[in-house]
Amino acid sequence: MGKEKVTEMFGSMVFNEEVMRQRLSATCYKAWKKCVDEGTPLSLETAHEMAAEMKNWAMDRGATHFTHWFQPMTGVTAEKHDSFITPEGSGQVLMGFSGKELVRGEPDASSFPSGGLRATFEARGYTAWDPTAFAFVKDGSLCIPTIFCSYSGQALDQKTPLLRSQEELSRQAVRVLRLFGDTEVKKVISQVGPEQEYFLIDKDVYNQREDLILTGRTLFGTRPPKGQELEDHYFGTIKPRVAAYMKELDEELWKLGILSKTKHNEVAPAQHEQAPIYSDANTACDHNQLTMEIMKKVASRHNMVCLLHEKPFAGVNGSGKHDNWSISTDTGMNLFRPGSTPSQNARFLLFLAAFIKGVDEYQDLLRCSVANPGNDHRLGAQEAPPAIISIFLGDELTAIVDSIIHGTSYVEQGKKSLSIGVDALPAIPQDTTDRNRTSPLAFTGNKFEFRMLGSSQSISGPNTALNTIMAEELAQFADELEGAEDFAAALHDLVKKTLTNHQRIIFNGNGYEDAWVQEAEKRGLSNLTCTADALKAYLQPKNVELFTKHHVFTEEELAARNEIHLENYCEVIGIEARTMIDMVKKNIFPAVSRFSGTTASNVAAKKAVLTDLDCSDEESLLKNLSRLTAEMMKETRVLEEALAAPQGNDAYEAAHYYRYTVFESMSRLRAAVDELETITAKEDWPYPSYTDLLFSVK
Ligand code: ADP
Ligand code: MG
């Protein structure tokens, strides 16, 4: 494909700023621009013109329908399509799309999770156009990015809190920048680049696995003889079928204006990664949702299935998402870039100190923002960061932080200590080679990489948390510094005090080691290993205060989110448990008893010919089969009973019950079944093996 082709293709399905500039009247375009830049409301007239042009443009691209595209709390996107047709007397139709239809929609959305925010009598939520995100055409529909709220204005989606947090971060960061004499910056924006991991397996093999179809992960399966030990897959040559998939994926993403940039093989067999060039958090969030959707669609066209579950295979690395996050100004300054002048560095150190303080104070909230049942399999399992939050700064920056704390020299012995705002920092290498992959939050030169996200989750929650935490710390700093007589001295003291008080959150060592778990405990860091406990952060008074103060969530919205996630946790584990029981009863038990039957008849047949024949191998196999079958059936009954028993008095207790009773029972059942798989003939085992799955794409 030539250069022109990509540039032509890029964004061809997006009603972006350039399209608006060309197609809208100057008045309409300016009104939109003002709305986006300054938050001024749009008139209905402007919306009418916008809608009419959007429709014409979309029809040129084959669209016959429009949909308000939104991101409810299910984790995936939702759409309800309406055609443009409007009756026009004498049996004819016109294609129409009004400003009203653009701005507001009322899907019959009573079945989306609301965590009690909507009583059934007012079950309809409404969607409202987000003019800061571009509309696009997908599968014959004009998709309009929207927020989704209840009638009383409570957020029922992922996007609303993210937008609110962006605004608040901007407000507080601008206050701080003014203190440094900056009069130009109007807006500060968090920038996000999410790296997305996924597995690709052959559809024919996938279709034979009930567990993958129903739950997205394998509930049974013994480790393959070859897994990821040789590390020959990581960054390895991409197989032709996968390469063809990645090429088409890129093209589909480019058409939607998604800056898809990087693709490579990951650590586990059949595991890959895609990453775009970063963009503002709102766009990044929309684009990541679209990317996940398109990944699945394109895979299907190639007779493959894209698995986005956090842990599709036991004993093989699961998939995560790295959320690269930074904040920049509308004038293009990255506020996490260590600069070359004393004043730039003072600013950098202030933002760094705010981040360190925020992460330390809201560890539980960040952990909560990545809690889902799939991620419980990864965090702390030596393949992803532990469930303990800490920050990796790298040696150079840590040395600087230490010198500030102790007032000691930071480069060579004998040099004076660093005076913030007066001295320049020594150069901090852009990209520290010592990339610590075990850290949950790593400084990588000019951004932080939040590495705890699960591959399937929306990036909205974690970025909402990061933005809000940062907004709070900047607000506190601004409060303190705005009244200072000597700004430089006050800043120095503030940074020194902050780093001293919060240095426990900095950790540059190996996060996979047990020693770190003990060390973190000594430091008093939180270690929330299960979703149910992590979700409690939604209800902690300090977190409620944080979110309500900055108008990101109301107390009711937080309680609703807690409820939704806890219920989801129970549902997911419940579905997995029932799927296991079904697989055992319908397929595994019959298969194993068939195999035992054949083995037994073989022994009997042989002994009928030669009575003293040694059949001890078959006999011991038979014994093992029957012992493990009994074990499997016992554990199946235990699991059935666990599911039937009362499950706690509230959502939290229920989630705990699912984690510590149901899930534990599932693990025991799995152990028996997996051992059975190792001694049952391949032709009798009813499901494709891990080898079949992981090496299915040639
Ligand atoms: P690695 O795998 O080494 O962590 P990648 O190149 O795969 O790195 O991904 C890095 C991601 O970080 C990309 O999405 C990139 O666009 C993004 N990124 C780079 N600079 C910034 C920044 N200043 N703010 C936010 N994201 C950034
Ligand atoms: Mg990375």
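In this text the structure is predicted, and so the values were computed from the model without any measurement. Start at 1 and go down the list; that is how both ligands and their atoms are numbered.
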Q) Under 4.0 angstrom from ligand 1, any heavy atom of Glu195? A) yes
Q: Fit a plane to each ring of His302 and Tyr245, take the angle between them on a 0 to 90° scale, and name the class: parallel (under 30°), tilted (30 to 60°) or perpendicular (over 60°).
A: perpendicular
Q: Would you mind listing which atoms of ligand 1 come within a distance below 4.0 Å of any non-hydrogen atom of Gly193?
A: 14 (O), 26 (N)
**Q.** Over 12 foreign heavy atoms within 6.0 Å of NZ, Lys261
**A.** no
Exercise answer: donor-acceptor pairs, residues 370-378 side-chain atoms, under 3.5 Å, sequence neighbours excluded:
unit_1 : atom_1 : unit_2 : atom_2 : d
Asn372 : OD1    : Gly374 : N      : 3.0
Asn372 : OD1    : Asn375 : N      : 2.7
Asn372 : ND2    : Glu310 : OE2    : 3.3
Asn375 : OD1    : Arg378 : NH1    : 2.8
Asn375 : ND2    : Val370 : O      : 2.9
Asn375 : ND2    : Met452 : O      : 2.8
Asp376 : OD1    : Thr531 : N      : 3.3
Asp376 : OD1    : Thr531 : OG1    : 2.8
Asp376 : OD2    : Thr531 : N      : 3.0
Asp376 : OD2    : Thr531 : OG1    : 3.2
Arg378 : NE     : Ser319 : O      : 3.3
Arg378 : NH1    : Leu453 : O      : 3.4

Q.
Aromatic contact between Phe355 and Trp325, with the criterion being ring centroids under 6.0 Å apart: yes or no?
A. yes
Q | NZ (Lys297) with more than 12 external heavy atoms under 6.0 Å | A | yes
Q: May I ask you to list the atoms of ligand 1 that are less than 4.0 angstrom from any heavy atom of Glu449?
A: 4 (O)
Q: For ligand 1, indicate whether the residue Glu273 contacts it via side chain, backbone, both or neither (heavy-atom separation under 4.0 Å).
A: side chain
(Q) Check the orientation of Tyr690 and Phe313. Use parallel for under 30°, tilted for 30 to 60°, and perpendicular for over 60°. (A) perpendicular
Q | His322-ligand 1 polar pair, N/O distance under 3.5 Å | A | no
Q.
So if I count the atoms of ligand 1 from 1 in the order they appear, which ones are less than 4.0 Å from some heavy atom of Ile277?
A. 16 (O)
(Q) If we ignore hydrogens and angles and just use 3.5 Å, is the side chain of Tyr278 paired with the main-chain N or O of Ala284 as donor and acceptor? (A) no
Q: State whether the shortest distance between N or O atoms of Ala275 and N or O atoms of ligand 1 falls below 3.5 angstrom.
A: no
(Q) I want to confirm something. Looking only at heavy atoms, which of Ala281, Ser326, Ala442, Ala284 is nearest to atom 22 (C) of ligand 1? (A) Ser326
Q. Which is it for Asn334 and ligand 1 at heavy atoms under 4.0 Å: side chain, backbone, both or neither?
A. side chain
